[in-house]
Amino acid sequence: MQRAIALVDCNNFYVSCERVFQPKLEGKPVVVLSNNDGCVVSRSQEVKDLGLKMAVPWYQMKDLAKRHGIIAFSSNYSLYADLSNRVMSLLAQFSPNQEVYSIDESFLDLTGIPADHTQYAQQIRETIRRCVGIPVCVGIAPSKTLAKLANHVAKKNARFGSACDFNALNETELNDLLATIAVGEVWGVGRRSVGKLNEMGIQSVLDLKRFSAKRLREKFSVVFERIVAELNGVACLELDDVVSDKQQIICSRSFGALTSLLPDLEQAVIAYASRAAEKLRQQHSLASGIQVYIRTNPHKERAPQYRQAILMPLPEPTDDTRLLCHAALHGLRQIFRAGFAYQKAGVMLTEIIPRSARPRTLFDDVLAQQKSHALMQTLDRINRSMGSGTLKLLGEGTDKTWAMRRENMSKRYTTEWDELMVCPAR
Amino acid sequence: MTSLNHHFASPARHAAHPALLSLTHPNKSMFERQRALLHKAVPAGFPSPADDYVERRLSLDEHLIQHKESTFFMRVAGHSMRELGIFDGDLLVVDRSVPASHGCVVVAVVDGEFTVKQLLYTPRGKVLRAAHPDYPEVTIKPEQDFSIWGVVQWNVHKV
């Protein structure tokens with residue numbers, strides 16, 4: 001049976017989320033900025049048409065924004081995460097096999113679904129639009145790599161009406177389409193490989209599809225052989241329905257304002273380590289090491305620069321917030337140097353193992369481990385039921401002067417009672 | 001954890017947040033106050049004969065939310081829907097997935113602005129009707145930017 005894998009991708013997801021609750025933004029140029037209002041991370045079609053690129057620092061384009069009346073929002077991740085969950089849960093109803101690929105993309109296996117897949121895709125689009133208010137594009141093909149390209153075509157090529165099924169095209173039609181797409185658009189082809197491919201005379205996706213897989217494997221790696229097979233309609237990548245546990249957990253953020261004070265950095269590091277420990281417990285794992293790093297602002301070239309990281313090994317694998325914070329603080333104090341304006345700090349948990357695989361030693365204090373486990377479970381339960389951050393280490397502080405800058409954040413309409421959408425009855 | 005000591009050095013800061021619990025330096029007085037409660041004997045007698053009948057308690061979410069993915073809450077501002085029992089400050093349960101039929105209460109978007117009204121299909125076209133004598137009916141003109149955002153399923157009113 002012909003494989004049919006669909007990739008559903010939300011259009012300008014963050015901007016679309018903002019528009020659900022502010023319909024008057026429809027048709028207006030809108031952008032969403034990254035943490036600390038740093039860079040553009042989502043653009044409406046109107047902004048794309050102005051030629052404005054992704055990941056441009058916001059301060060560099062304030063003039064342009066003023067001229068064109070671009071409306072900018074700080075990222076409202078609570079809202080985006082909730083709307084994403086709604087979209088993913090609706091999509092799950094369209095296929096027995098779903099892989100949530102990112103906050104705004106999901107693969108669905110449509111193989112064997114007895115329907116015209118193009119119509120089915122339109123039904124998916126209509127459902128998401130009606131139920132959540134988010135516009136999506138659908139690409140369908142016999143492999144994941146081709147499904148990504150089909151989605152690209154659905155997005156860029158108006159004649160497909162935002163849903164493109166490569167299986168419904170004949171060989172010539174498909175190849176004609178692939179000839180118009182640059183090779184850099186292929187999933188898994190990095191920016192550095194594009195240069196090399198171009199030198200080998202490979203410009204379009206069609207060129208790559210027709211190239212000898214063997215020669216590519218010699219030049220690059222086995223990954224490219226797989227990409228070529230996928231482009232030829234042979235599915236090499238299956239849908240990952242199980243989310244694998246993370247081997248590293250990172251929690252880092254830029255500060256809203258620069259700081260040169262150790263106490264500020266200590267608060268931040270405790271907050272990040274606590275959050276990382278919580279994530280670790282969510283996946284029922286333990287960590288054997290914690291890395292701490294701090295740095296100044298590399299874009300302020302004239303200011304004195306400093307960056308340093310340190311890995312703190314732990315005496316035994318743990319998920320205890322107190323032990324992880326303790327180690328992180330020790331590390332921080334070793335790398336901290338006075339006289340620098342710090343912009344960012346972070347922690348990373350390493351050597352992560354499942355809790356069930358904890359190595360036993362002769363000197364294990366089993367009672368202490370049990371007490372720690374019970375305490376952490378209680379901590380998580382309280383924070384889950386009464387809101388995150390209800391119970392925390394006091395060292396995290398209560399007046400986060402270092403916290404993120406979010407000047408134009410919209411309301412958290414779906415996750416906070418006192419930020420609900422207000423509907424006029426007039 | 002000596003590292004945290006500087007935070008405790010300032011009693012003013014500590015006192016300002018009595019609700020905040022520290023895991024490393026527990027506030028002793030808090031536990032002492034509750035000791036009486038914690039030390040009470042826990043009865044361990046016969047199991048309750050009702051144990052086999054324990055069921056999940058009723059949940060209002062189940063009652064009010066038919067489609068969880070497409071249901072949103074909104075706060076009412078204004079008095080124009082008074083006669084249909086929707087008052088200023090009430091909580092609307094809005095479902096985007098159900099079709100808007102004649103006579104139902106909807107959250108509509110007219111020229112980019114939200115409004116809650118009763119929707120009527122008439123020979124003149126779509127009409128938005130308020131439920132208050134001071135507010136006139138509005139007939140939607142074809143050139144107007146109009147859409148139904150969702151259908152109001154429930155109104156939660158604090159007595």
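Since this is a predicted model, take the numbers as computed values, not measurements. In what follows, chains carry the letters A, B, and so on, assigned in the order in which the sequence lines appear, proteins first and then strands, with residues in each chain numbered from 1.
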So which part of [X] gets closer than 4.5 Å to some heavy atom of chain A, the side chain, the backbone, both or neither?
X        : result
B:Val76  : both
B:Lys117 : side chain
B:Thr71  : backbone
B:Phe73  : both
B:Leu91  : side chain

### Task
Kindly write out the residues that satisfy salt bridge (charged side-chain N to carboxylate O under 4.0 Å, His left out) with B:Arg82, not counting sequence neighbours, or none if the list is empty.
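With neighbours one apart ignored, the set is empty.
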
### Task
Check whether the ring centres of A:Tyr342 and A:Phe255 lie less than 6.0 Å apart, and answer yes or no.
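Not close enough - the centres of the two rings lie 6.0 Å or further apart.
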
### Message
Heavy-atom pairs under 4.5 Å with chain A - which of B:Gly78, B:Gly112, B:Ala77 has more of them than the others?
### Response
B:Ala77

Give every donor-acceptor pair under 3.5 Å between a side-chain atom in residues 14-29 of chain A and any protein atom, sequence neighbours left out.
from: A:Ser16; atom 1: OG; to: A:Asn11; atom 2: O; distance (Å): 2.7
from: A:Ser16; atom 1: OG; to: A:Asn12; atom 2: O; distance (Å): 3.2
from: A:Glu18; atom 1: OE1; to: A:Ser410; atom 2: OG; distance (Å): 2.7
from: A:Glu18; atom 1: OE2; to: A:Tyr80; atom 2: OH; distance (Å): 2.7
from: A:Glu18; atom 1: OE2; to: A:Ser410; atom 2: OG; distance (Å): 3.2
from: A:Arg19; atom 1: NE; to: A:Leu25; atom 2: O; distance (Å): 3.2
from: A:Arg19; atom 1: NH2; to: A:Leu25; atom 2: O; distance (Å): 3.4
from: A:Arg19; atom 1: NH2; to: A:Lys28; atom 2: O; distance (Å): 2.8
from: A:Arg19; atom 1: NH2; to: A:Glu46; atom 2: OE1; distance (Å): 3.0
from: A:Lys28; atom 1: NZ; to: A:Lys24; atom 2: O; distance (Å): 3.1

### Query
For A:Ser89, is it the side chain, the backbone, both, or neither that has a heavy atom closer than 4.5 Å to a heavy atom of chain B?
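Both parts, backbone and side chain.
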
### Message
At a 4.5 Å cut-off on heavy atoms, which part of A:Glu126 comes close to chain B: side chain, backbone, both, or neither?
### Response
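Answer is neither: A:Glu126 stays 4.5 Å or more from chain B.
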
### Message
If we check side-chain hydrogen bond (donor to acceptor under 3.5 Å, both in side chains) with A:Thr321, which of these qualifies: A:Glu278, A:Arg275, A:Arg281?
### Response
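One option only clears the test, and that one is A:Arg281.
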
#### Entry: Pairing of B:Glu69 and B:Arg96 as salt bridge, 4.0 angstrom limit
no

### Message
Take a 6.0 Å sphere around NE2 of A:His330 and say whether it holds more than 12 heavy atoms from other residues, nucleotides or ligands.
### Response
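Atom NE2 in A:His330 is not crowded, with 12 or fewer foreign heavy atoms closer than 6.0 Å.
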
### With B:Val105, the side-chain contact (heavy atoms from CB on, under 4.5 Å) member among B:Asn155, B:Leu92, B:Val151, B:Val152
B:Val152

### Query
Pick from A:Thr127, A:Asp82, A:Val132, A:Asn85: which one has the most heavy-atom pairs with chain B under 4.5 Å?
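The answer is A:Val132.
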
